[in-house]
Amino acid sequence: MLSTVTVFPAKPITAITTIENPKTLILQQCKTSKDLNQIHAHLIKTRLIHNRAVTENLLESTAILLPNTMDYALSIFDNIGKPDSSAYNVMIRGLTYKQSPHEAIILFKKMLETSVEPDEFTFPCVLKACSRLRALSEGEQVHAHILKCGFGSVEFVENTLIHMYANCGRVEVARRVFDGMSERGVVAWNSMFSGYMRSGCWEEVVKLFHRMRELGVGFDEVTMISVLTSCGRLADLELGEWINGYIEANGIKKSLALMTSLVDMYAKCGEVDTARRLFDQMDQRDVVAWSAMISGFCQANRCREALDLFNEMQKYNVDPNEVTMVSVLNACAVLGALETGKWVHFYIKKRKLKLTVTLGTALIDFYAKCGSVDSSIEIFSKMASKNVFTWTALIQGLASNGQGKRALEFFYLMQEKNFEPNDVTFIGALAACSHAGLVDEGQSLFVSMSKDFDIEPRIEHYGCMVDILGRAGLIEEAYQFIKNMPIQPNAVIWRTLLASCKAHKNVKIGEESFRRITILEPAHSGDYILLSNIYASVGRCEDALKVRRQMREERIKKTPGCSLIELDGVVHEFFSEDDGHAHLKEIYGGVEDMMKHIKSAGYVPNPADARLDAEEDDKEASVSHHSEKLAIAYGLIRTPPGTTIRISKNLRVCTDCHNATKIISKNKRGHRIL
DNA sequence: GTAGGGTTAG
């Protein structure tokens with residue numbers, strides 16, 4: 001029988017009887033359950049199974065070695081007449097990691113019921129099970145047992161208690177355990193850091209690290225990883241660089257995790273290029289490292305580079321996971337890269353990635369931002385677990401796609417399902433009211449927010465109210481609302497009102513809004529255009545021109561308009577008067593053709609949308625070189641007739657491009673542009 | 001037997 005074993009027979013199995021520590025032999029040489037089976041059979045045959053030490057070694061081997069199953073270990077355990085605490089410990093540990101922490105706790109109860117005294121090794125295992133289940137009340141009961149058994153001052157036990165309380169959301173209790181320790185090793189500090197990180201208390205990590213240094217406690221790699229991660233979240237570049245310097249000065253080994261946390265720290269502190277340099281220097285990069293760099297580009301608003309990096313990652317044959325996909329979807333949402341995002345969705349299904357709350361929420365957000373709200377709703381209904389983020393993403397998505405009423409239905413539904421809306425949810429709900437023209441409902445939501453939900457309105461909420469009133473044409477009310485705000489209105493608030501004044505042709509309050517903006521910050525080019533258009537809309541052309549002239553004289557910088565088109569999964573970026581594209585000639589030729597075509601179909605160029613410094617006779621050429629027209633022309637060149645062309649852009653589309661697009665969409669080539 | 005890197009809504 002033994003001759004069939006290929007991995008085992010280096011030594012005859014009878015060696016077990018003579019070797020001092022049979023566990024070492026078993027652990028080192030067994031690779032599969034078949035190997036263990038043979039040893040088990042041998043032990044029965046030689047009656048060694050009745051030797052407790054041998055059996056417990058076998059138990060430990062089966063509990064730890066065999067992946068994903070505790071069945072074998074359980075069958076051995078059940079045959080031990082009176083298992084002692086170490087047998088229980090092995091089982092509790094194995095169950096916690098491999099099967100179910102719940103069963104681990106049940107076994108611990110059984111241990112107590114059968115009067116087997118837990119030892120100091122039992123408690124870290126049980127506490128770990130409680131941590132995994134976030135079972136606070138069980139954890140507290142275990143804590144009581146710990147005190148009763150007199151293990152309250154065992155360092156390992158205290159460390160695990162810190163972890164358990166922090167993981168169950170009671171970081172302040174964890175801190176009490178930490179403060180009560182007579183001896184604090186580096187693991188205690190690190191457990192506390194991780195506890196704060198889990199609760200998002202990044203400042204506390206940094207504070208505690210400073211305390212650690214004051215006390216002269218030595219720290220290690222694990223400490224640095226936690227602190228670097230916190231530096232990233234706090235944008236504390238100074239401390240992050242200090243740690244980097246420490247690593248260099250002390251020749252600390254640059255492990256994968258340490259390097260990743262450095263990359264993450266630099267990226268989150270706005271030093272993406274530094275992060276990229278470090279990333280390129282890494283001799284190995286796993287999925288976490290790639291994900292950190294990809295998300296770094298997303299957060300720096302360099303989403304195109306994020307997608308490029310995602311493609312590169314695949315060339316290196318690193319499989320993306322749920323976390324990677326969240327960032328990738330985020331990039332797709334920003335870029336309007338519908339096809340790439342759909343591919344990601346398909347990949348998630350094909351590779352059976354877990355639709356976690358975070359990933360599902362990212363998908364909802366992605367589809368909504370690409371205008372496919374129906375897909376958002378579909379994902380939402382398929383998600384097994386949801387949280388406030390999920391509901392908020394959907395509500396926001398519906399609201400921004402003009403489905404205000406439907407957004408509000410979900411807003412009330414979430415409360416029926418016992419999810420409490422937070423401040424961001426209310427921003428979504430108020431935006432829904434504003435798009436649906438529901439003034440009364442918006443006002444009562446605003447009141448209810450602080451009265452029933454104890455949420456202090458922030459400037460964003462006031463902004464929503466101004467928008468609700470302004471859009472409904474209640475300009476005077478909106479103005480009074482701003483005047484009565486308990487917090488200082490910012491430029492965004494006045495800008496919102498200015499936009500309403502343009503829609504409802506209110507010169508007086510429009511002028512006032514503009515004046516307020518200029519007091520608070522240098523006005524944007526869009527503000528000048530709005531004011532100019534307000535004058536023009538009531539026939540005050542002289543004043544309209546004056547504003548434009550003023551804008552030119554003050555050399556107001558314009559945010560460059562940028563349009564994106566995705567073709568075969570690649571995002572192409574265009575700027576107005578773009579001269580950086582590889583197919584320049586072809587594109588400008590395409591634009592000329594396109595303009596000729598639509599002119600014959602009734603398009604009239606709108607010189608008001610031309611660049612301000614364009615000469616009179618150049619105005620038509622100027623509008624024809626807007627980034628969206630370049631992107632559309634490129635799309636027409638690159639795709640067969642009948643293909644849907646989707647353009648995303650950073651600014652609101654101008655009137656001229658809007659008109660042009662309408663006509664292009666009806667064009668006989670059959671292209672549609674969304 | 002205890003601690004560690006990347007992710008979601010404005």
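The basis for the numbers below is simple: all heavy atoms, side chains too, and nothing from hydrogens, waters or symmetry mates. Letters go in sequence order (proteins before strands), and every chain restarts at 1. Only a predicted model underlies this, so the values are computations on that prediction, with no experimental measurement involved.
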Listed nucleotide nearest any side-chain atom of [X], set [options]:
X       : options                : result
V154(A) : dG1(B), dA3(B), dT7(B) : dG1(B)
M197(A) : dA9(B), dG4(B), dG1(B) : dG4(B)
N387(A) : dT8(B), dA9(B), dG6(B) : dT8(B)
N190(A) : dT8(B), dG4(B), dA3(B) : dA3(B)
I225(A) : dG4(B), dG6(B), dT8(B) : dG4(B)
T361(A) : dA3(B), dA9(B), dG6(B) : dA9(B)
K128(A) : dA3(B), dG1(B), dT7(B) : dA3(B)
V287(A) : dA3(B), dG6(B), dG5(B) : dG6(B)
N422(A) : dA3(B), dG5(B), dA9(B) : dA9(B)
T392(A) : dT8(B), dG4(B), dA9(B) : dA9(B)

[X] has an atom [atom1]; how far is it from atom [atom2] of [N], in whole Å?
X       : N      : atom1 : atom2 : value
L256(A) : dG4(B) : CG    : C1'   : 12 Å
H143(A) : dT2(B) : NE2   : P     : 18 Å
L329(A) : dT7(B) : CG    : P     : 15 Å
M259(A) : dG6(B) : CE    : P     : 15 Å
L127(A) : dT2(B) : CG    : P     : 11 Å
F178(A) : dT2(B) : CZ    : P     : 19 Å
L228(A) : dG6(B) : CG    : C1'   : 14 Å
I294(A) : dG5(B) : CD1   : C1'   : 15 Å

For this session: Determine yes or no for a side-chain-to-main-chain donor-acceptor pair under 3.5 angstrom, with N250(A) supplying the side chain and I252(A) the backbone.
Result: no
Could you tell me whether the side chains of [X] and [Y] share a donor-acceptor contact shorter than 3.5 Å?
X       : Y       : value
T229(A) : S261(A) : no
S85(A)  : E117(A) : no
N244(A) : Y266(A) : yes
S86(A)  : N89(A)  : no

For this session: Take the angle between the ring planes of F209(A) and F219(A) and call it parallel below 30°, perpendicular above 60°, tilted in between.
Result: perpendicular
Problem set entry | ring pair (Phe, Tyr, Trp, His ring centres under 6.0 Å) evaluation trace for Y462(A) with F446(A) | CA-CA 9 Å; Y462(A) 288 102; F446(A) 187 80; 5.4 Å; yes
May I ask you to evaluate whether [X] reaches the phosphate of [N], defined as a side-chain N or O under 4.0 Å from OP1 or OP2?
X       : N      : result
K386(A) : dA9(B) : no
Y367(A) : dA9(B) : no
R233(A) : dT7(B) : yes
Q299(A) : dT7(B) : yes
H163(A) : dA3(B) : yes
R198(A) : dG4(B) : yes
S194(A) : dG4(B) : yes
S295(A) : dT7(B) : yes
T229(A) : dG6(B) : yes

Exercise. Quick one: does NZ or CZ of K386(A) land under 6.0 Å from the six-membered ring centre of F419(A), within 45 degrees of the ring axis?
Worked result: no
For this session: Return yes if the base of dG5(B) and the side-chain atoms of S261(A) contain a donor-acceptor N/O pair under 3.5 Å, otherwise no.
Result: no
Exercise. Between the base of dG1(B) and the side chain of N159(A), is there a donor-acceptor distance below 3.5 Å?
Worked result: no
Seminar exercise, completed: Its dot-bracket string being built from Watson-Crick and G-U pairs below 3.5 Å, with | for another strand and [ ] for crossing, DNA chain B has the pattern ..........
Donor-acceptor contacts under 3.5 Å from residues 142-157 of chain A side chains, at least two apart:
unit_1: H143(A); atom_1: ND1; unit_2: Y165(A); atom_2: OH; d: 2.7
unit_1: E155(A); atom_1: OE2; unit_2: G185(A); atom_2: N; d: 3.3

Base, sugar-phosphate alone, or nothing: which one does [X] contact when heavy atoms must sit under 4.0 Å apart?
X       : value
L359(A) : nothing
N321(A) : base
K254(A) : nothing
E155(A) : nothing
T324(A) : base
E158(A) : nothing

Exercise. For F193(A) and dG4(B), is the gap between ring centres under 5.5 Å while the planes differ by less than 30°?
Worked result: no
Problem set entry | Stacked pair F389(A)-dT8(B), distance under 5.5 Å, angle under 30° | yes
Problem set entry | Distance flag, aromatic centroids of Y88(A) and F108(A), threshold under 6.0 Å | no
